Amino acid sequence: MTVRVRFAPSPTGFMHLGNVRAAVFNYLFARQKKGTFILRIEDTDASRNLDEAKVRILKDLEWLNLPYQEGPLKGGPHEPYLQSERNDIYQEHLSELIENCKVYRCFCTAEELEAMRQKQIAMGKPPRYNRTCATHSDDKIKLKIAAGTPFIWRFRLNQDQIFEIHDMARGKVTFEMKHFSDFALTRPDGTCTFMFVNFVDDWLMKITHVIRGEDHLSNTAMQAALYDAFAVPLPIFWHLPIICNNEGEKLSKRDFGFSLGDLQAAGFLPEAICNYIATIGISLTEEVQTMDQLVQNYNFEHLHHAGHVRYDLAKLTWFNHKWMNKIEHQHLLELAKPFLLAQHPEIKNWSDEKISVLLAKIKGELNTLHDIGAMLAFCFTPPTIARTDFETAFGKEKATTALSVIRDNVGKLENIDLFIQSLKEQAQKNGLKTKEVFGPVRYLITGKAEGVGMHDLLNMLDTQEIKKRLTALASD
Ligand code: GLU
């Protein structure tokens with residue numbers, strides 16, 4: 001069997017982590033099994049689709065470096081890959097269900113359905129369509145159609161049926177149809193619903209494994225009934241656990257980093273995002289891995305079912321830190337430039353070489369591309385330091401001693417090694433630890449006591465500028 005999997009986003013908003021995860025796992029699975037990764041855009045719900053979102057999906061997949069073999073723009077044997085262009089196909093299959101009496105017209109209005117639902121809830125019953133329209137006589141149906149009463153097509157479930165699906169993490173999952181409603185296959189405007197078109201396309205596009213979020217598990221039950229109605233075999237499923245925030249709630253728009261756009265704007269790298277996403281919910285001996293390595297190493301045979309997994313921004317940030325130091329320096333420089341330019345427009349006059357040297361010095365401290373601007377801010381603007389703050393930061397007595405040690409040594413700044421050596425020696429003579437002098441030096445130059453190593457720091461600005469900053473408090 002040749003593996004065929006698909007990523008099937010609905011362009012109702014922008015890519016979020018749940019989408020990214022589905023894309024990553026489908027991609028990894030296809031590559032490991034030497035199969036085909038397909039992109040299908042599920043844009044049948046015209047009221048909820050944003051044109052911009054479709055373009056964005058294509059761009060985001062490219063940005064994430066998850067190339068598909070079949071899909072919009074690329075084409076393939078099962079074109080078109082936009083559901084909005086496949087309506088004829090859906091109508092044709094709907095007609096088959098109509099002919100075989102597997103569906104019926106439902107004329108209930110949204111208000112009637114809602115009232116029915118409320119009543120069932122009030123009676124402590126699970127809300128389910130009560131089949132009012134399942135038994136209308138032909139004459140009654142004719143009259144309603146003649147009167148122009150809007151209707152939808154509902155699937156006529158056999159409540160006695162039990163379906164079994166195979167889920168890669170859960171194993172065998174059984175669904176008893178008595179727990180489900182006759183579901184809608186069309187909307188009042190005649191277009192087909194997600195439930196139906198998603199099934200039709202998985203079938204016609206010969207999808208072998210449906211890898212998607214656990215929120216679709218109950219849809220799978222109803223779709224199993226559709227596979228049965230057309231007498232086609234079910235694919236294998238893998239329902240990915242729900243992603244939760246630190247409070248254990250389903251990740252939502254309110255959580256930073258839920259939207260891929262947030263992460264892009266904050267300067268996270270696609271390599272880090274994909275790597276992190278691929279590792280949530282499983283333990284890998286080697287955490288930082290390229291997609292190629294994950295393709296080799298990911299064990300799809302030993303998946304365990306987890307109800308939910310936790311999204312940990314701190315862990316993602318850790319992955320990003322690792323990746324910023326892993327990618328080629330020149331590539332990092334190119335990625336960093338737009339961020340730097342936005343934060344410090346004056347950088348446009350700087351040579352790449354100069355930025356590159358600075359970047360190399362702070363690289364080990366960076367978590368995101370956005371951090372670069374903040375960490376280099378002192379190169380553009382000297383910190384404003386009040387003596388009282390300086391004294392509070394290091395203690396009045398030690399601060400005064402450090403200042404005098406520093407002042408005594410600024411003459412040696414032309415030779416950085418000598419300056420550092422001399423600072424260390426004099427610190428010791430004056431009863432200070434090395435860091436009790438280095439901290440103040442850093443603070444005077446950057447406004448922060450922690451940061452880049454002393455040697456690198458002193459190489460980041462010209463000697464005169466450093467001298468000026470180191471002696472700025474001396475004249476107070
Ligand atoms: N369009 C669905 C979604 O975005 C896809 C579900 C599926 O993968 O089957 O949730």
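Predicted, not measured: the structure shown is a model, and the values here were computed from it. The basis for the numbers below is simple: all heavy atoms, side chains too, and nothing from hydrogens, waters or symmetry mates. Counting convention: from 1, in listed order, for ligands and their atoms alike.
- Taking every heavy atom of Glu42 and a limit of under 4.0 angstrom, the matching atoms of ligand 1 come to 1 (N), 2 (C), 5 (C).
- Ring-plane geometry between Phe230 and Trp203 is classed as tilted, the angle between the planes lying from 30 to 60 degrees on a 0 to 90 degree scale.
- No side-chain heavy atom of Asn367 sits less than 4.5 Å from a side-chain heavy atom of Asn320.
- Checked against a 3.5 angstrom limit, the closest N/O atoms of Asp202 and ligand 1 fall outside it.
- Of all protein heavy atoms, the one closest to atom 10 (O) of ligand 1 is His216 NE2, 2.8 Å.
- At least one heavy atom of Asn198 sits under 4.0 Å from some atom of ligand 1.
- One finds the NE2 atom of His308 at 10.0 Å from the CG atom of Asn245 (value rounded to the nearest 0.5 Å).
- In this structure, Arg56 forms a cation-pi arrangement with Phe14, its terminal cationic atom sitting closer than 6.0 Å to the ring centre and no more than 45° off the ring axis.
- Here the side chains of Met177 and Ile162 are not in contact, with every heavy-atom distance at 4.5 Å or above.
- At a 3.5 angstrom cut-off on N or O pairs, Asn19 does not count as close to ligand 1.
- Considering Asn198, Asn26, Asn219 as possible partners of Arg212, the one that fulfils the side chain to side chain donor-acceptor pair (under 3.5 Å) test is Asn198.
- Remark: Lys322 does not engage Glu287 in a salt bridge, criterion side-chain N to carboxylate O under 4.0 Å.
- The contact set between ligand 1 and Arg212, taken as ligand atoms under 4.0 Å from a residue heavy atom, comprises 7 (C), 8 (O), 9 (O).
- In terms of protein heavy-atom proximity, atom 5 (C) of ligand 1 is nearest to Ala8 O, 3.0 Å.
- The protein heavy atom nearest to atom 9 (O) of ligand 1 is Arg6 NH2, 2.6 Å.
- In this structure, Phe194 is part of the shell of residues with a heavy atom less than 4.0 angstrom from ligand 1.
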